[in-house]
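The next block holds one structure in the form of structure tokens; read it before the comments.
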Amino acid sequence: MAGLKGFSLHALAALCGVSALGLQKPLSGSEQLPIADGASSPSSKKQLVDSDALQGTIRGDALLARAEELYEIAKLSEDEYNRPTRVIGSAGHSGTLKYIHYALTALGDYYTLSKQPFPAFSGTVRQHQLVLGDKVLFDAQPMGLTPPTRDNEPVNGDLVLVANEGCEASDYPSEVSGNIALILRGTCPFGTKSERAGRAGALAAVVYNYENESVSGTLGAPSPDHVATFGLSGGDAAPYVKKLKNGEKVEATAFMDAEVKTIRTNNIIAQTVQGDPDNCVMLGGHSDSVSEGPGVNDDGSGSLALLEIATQLTNFSVNNCVRFAWWSGEEEGLLGSNYYAENLPEEENMKIRLFMDYDMLASPNFAYQVYNATDDANPVGSEELRDLYIDWYTAHDLNYTLIEFDGRSDYDGFIRAGIPAGGIATGAEVKKTEEEEDMFGGRAGIPFDPCYHQSCDDVGNLNMTAWELNTKLVAHSVATFAKSFEGFPNRTDALDAKANKTKKGPYQGPKLIM
Ligand code: DPN
Ligand code: ZN
């Protein structure tokens with residue numbers, strides 16, 4: 001077990017004892033599976049991968065055992081975070097990376113493994129408060145990656161309304177200097193507003209929404225000019241905007257005890273040794289969670305489905321290369337997948353025929369959701385992939401819904417790099433409708449995942465029916481393209497004309513950037 005130093009005894013026992021499929025001894029529920037044979041070599045004597053055969057290897061009990069191990073690993077963070085989490089930079093996340101890497105190593109030489117390190121930002125807000133006039137704004141939210149207020153102490157000043165949407169230096173009146181800027185959401189990213197406010201000398205900034213909804217946003221990559229920044233709902237901001245417009249004064253106190261650290265983390269990539277290396281099917285899930293919880297559904301469900309399929313695939317031979325990715329820093333703004341896609345040399349980019357994203361496959365109040373990635377708005381091939389999922393659900397007499405392909409997960413960098421992409425999901429914070437209750441069961445009026453980004457995203461949060469079924473669909477997607485790309489559009493250009501049009505959307509992962 002060299003290489004697993006740094007684990008608590010408990011987690012080490014979980015890792016070595018249960019020994020995730022492909023480690024020392026198979027899980028109790030999977031003893032019949034010919035794991036050892038598959039794991040030993042990339043030999044072409046194996047049966048050519050076939051969708052039904054690969055799907056047939058997927059078992060809920062094996063997935064569940066992995067989820068239990070993952071939760072144990074998330075507990076490694078308890079000392080530092082007071083709860084299980086697999087946020088980047090935590091012991092729970094480095095344990096997750098070791099777990100994935102170790103499980104893949106145990107598959108022998110079927111895969112070529114690599115780690116892709118990259119710098120990532122990790123923000124913590126210990127305490128925060130915004131007071132306007134004599135009112136504490138309890139619903140004011142710190143923006144992701146916000147810096148602290150000066151010396152991590154409260155700052156005071158007048159609240160100063162910024163013109164337009166605060167995207168231009170000229171929108172900031174001179175009174176902003178030494179005071180607190182109030183800026184309307186829209187047109188440019190939150191990070192730009194914070195930077196402009198900082199350059200104008202503001203002590204802090206408040207970005208208010210045009211709707212009566214709070215803004216759960218992030219400033220994105222830190223800038224030395226960023227100032228402590230809050231998001232506020234349109235409703236909460238309205239009385240103050242009115243006062244300021246009437247020329248009345250509003251006193252403000254802002255307090256942000258926060259820290260932004262740059263850390264190094266890494267993606268893990270596993271590529272089959274066998275198969276045409278110039279024609280790869282690529283798929284990914286994210287290895288990290290948010291700091292609030294262990295992320296067993298988000299995205300333990302996707303990343304463990306991939307690990308299980310990577311394990312079972314070793315029983316087969318493939319015609320095309322299969323490349324699995326476990327992205328890091330998804331929750332901080334798709335950092336790992338963007339880094340990967342942006343740093344692909346053109347020749348390497350062209351080898352990736354498509355990318356399939358698997359993020360949240362087992363939401364407790366699930367819907368079977370397919371990203372509506374059409375060819376007219378995305379690199380050609382995205383729609384063919386979308387239809388593969390639709391056809392599979394249809395063939396299994398299952399309902400599905402089409403959901404927006406809006407940049408909330410790791411497919412975004414691929415689309416912008418001209419690579420066709422798509423995926424499936426089971427829903428996050430959005431509430432299920434009556435119609436969806438009729439289609440999928442569960443309960444209307446409550447979120448698909450009521451534990452989304454919370455400490456209760458634990459093993460009990462998984463819907464095993466959805467997870468097992470969706471993992472079979474993931475296996476189907478892998479087997480289909482590992483066997484053949486017949487009928488699937490060829491790549492034309494690394495920067496497909498359409499990809500250029502596909503700019504970064506309002507989302508950068510789970511958080512809004514503008
Ligand atoms: N999986 C969510 C996350 O990583 O936070 C993002 C997401 C939410 C993606 C809803 C799709 C739909
Ligand atoms: Zn996710």
Side-chain angles (χ1 to χ4, degrees), residues 66 70 86 88 93-94 96-105 107 110-118 120 264-273 275 277 279-289 295 298-314 318 320-345 348-361 371 379 382 385 407-425 471 474-475 477-478 481-482 509:
R66 288 194 185 278
L70 194 69
R86 299 183 301 105
I88 58 166
H93 187 241
S94 64
T96 303
L97 294 177
K98 284 179 189 161
Y99 171 80
I100 294 168
H101 199 265
Y102 192 79
L104 292 167
T105 307
L107 300 174
Y110 190 88
Y111 295 104
T112 307
L113 295 185
S114 55
K115 292 181 186 173
Q116 182 183 38
F118 65 93
R264 278 184 90 69
T265 180
N266 63 272
N267 296 323
I268 296 177
I269 313 288
Q271 176 168 326
T272 54
V273 169
N279 284 285
C280 295
V281 49
M282 184 161 188
L283 64 161
H286 63 90
S287 63
D288 62 315
S289 75
D298 183 12
D299 181 30
S301 61
S303 54
L304 296 178
L306 259 58
L307 196 56
E308 184 61 19
I309 291 168
T311 305
Q312 299 303 339
L313 186 63
T314 62
V318 292
N320 295 317
C321 129
V322 181
R323 191 182 295 174
F324 293 86
W326 287 267
W327 308 120
S328 182
E330 191 269 357
E331 300 288 8
E332 325 304 315
L334 314 180
L335 302 180
S337 55
N338 281 342
Y339 185 87
Y340 182 88
E342 283 163 14
N343 287 290
L344 280 171
E348 288 302 318
N349 175 310
M350 295 299 285
K351 294 177 184 170
I352 305 173
R353 294 290 297 272
L354 78 167
F355 173 73
M356 313 187 293
D357 186 59
Y358 296 119
D359 186 2
M360 302 185 78
L361 303 183
Y371 287 120
S382 304
L385 173 61
R408 268 187 85 177
S409 194
D410 291 306
Y411 50 79
D412 198 50
F414 286 84
I415 291 293
R416 284 184 290 106
I419 300 168
I424 55 169
T471 304
V474 178
S477 69
V478 169
F481 298 116

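Just so you know, these numbers come straight off a predicted model, no measurement behind them.
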Beyond-backbone contact of V478 with M356, side-chain heavy atoms, under 4.5 angstrom: yes

Side chain to side chain contact (heavy atoms under 4.5 Å, CB included) evaluation trace for S477 with Y358: CA-CA 11 Å; S477 69; Y358 296 119; 2.8 Å; yes

R416/E342 under side chain to side chain contact (heavy atoms under 4.5 Å, CB included): CA gap, chis, key distance, verdict: CA-CA 9 Å; R416 284 184 290 106; E342 283 163 14; 3.8 Å; yes

Contacts of type side-chain hydrogen bond (donor to acceptor under 3.5 Å, both in side chains), residue D359, not counting sequence neighbours: H286, S409

Minimum heavy-atom distance between Y411 and A421, given as atom pair plus value: CB-CB, 4.0 Å

Heavy-atom pair of closest approach, residues A325 and I269: CB-CD1, 3.8 Å

Results of ring pair (Phe, Tyr, Trp, His ring centres under 6.0 Å) for Y111 - residues two or more places apart only: F324

Stepwise side chain to side chain contact (heavy atoms under 4.5 Å, CB included) test for S382 and I415: CA-CA 9 Å; S382 304; I415 291 293; 4.0 Å; yes

Pairwise distance CG(N320) to CZ(F481) - rounded to 0.5 angstrom: 10.0 Å

Set of residues satisfying salt bridge (Lys or Arg N to Asp or Glu O under 4.0 Å) with respect to R353, sequence neighbours excluded: none

Closest non-hydrogen atom pair between A417 and A341, with its separation: CB-O, 4.2 Å

Spatial distance of atom OG (S289) from atom CD1 (I88) [nearest 0.5 Å]: 10.0 Å

Minimum-distance pair of heavy atoms, taken over all atoms of S328 and T265: OG-OG1, 2.7 Å

From E331 atom CD to D298 atom CG, the distance as rounded to the nearest 0.5 Å: 4.5 Å

Between CD1 on residue I309 and OG1 on residue T314, distance to nearest 0.5 Å: 12.5 Å

Rounded distance [0.5 Å steps], NZ in K115 versus CD1 in I100: 11.0 Å

L335 versus A120, closest heavy-atom pair with distance: CD1-CB, 3.7 Å

Side chains of L307 and L104 in contact at under 4.5 Å (non-hydrogen atoms): yes

side-chain contact (heavy atoms from CB on, under 4.5 Å) involving S303 - partner list, sequence neighbours excluded: W326

Partner residues of T272 under the side-chain hydrogen bond (donor to acceptor under 3.5 Å, both in side chains) criterion, sequence neighbours left out: none

Gap separating the CD1 atom of I424 from the OH atom of Y371, nearest 0.5 angstrom: 9.5 Å

side-chain hydrogen bond (donor to acceptor under 3.5 Å, both in side chains) against T471, all qualifying residues, sequence neighbours excluded: none

Partner residues of T105 under the side-chain contact (heavy atoms from CB on, under 4.5 Å) criterion, sequence neighbours left out: H101, L113

Minimum side-chain heavy-atom gap K351-P277 below 4.5 Å: no

Residues in side-chain hydrogen bond (donor to acceptor under 3.5 Å, both in side chains) contact with E332, at least two apart in sequence or another chain: none

With L70 via side-chain contact (heavy atoms from CB on, under 4.5 Å) - residues at least two apart: R86, T96, L304

Those residues that, when tested against Q116, pass side-chain contact (heavy atoms from CB on, under 4.5 Å) (two or more places apart): N267, Y339, Y340

Exam field: side chain D410 to backbone E330, donor-acceptor pair closer than 3.5 Å: no

Evaluation steps, side chain to side chain contact (heavy atoms under 4.5 Å, CB included), between N349 and I419: CA-CA 8 Å; N349 175 310; I419 300 168; 3.6 Å; yes

Nearest heavy-atom neighbours spanning L361 and S301: N-OG, 2.9 Å

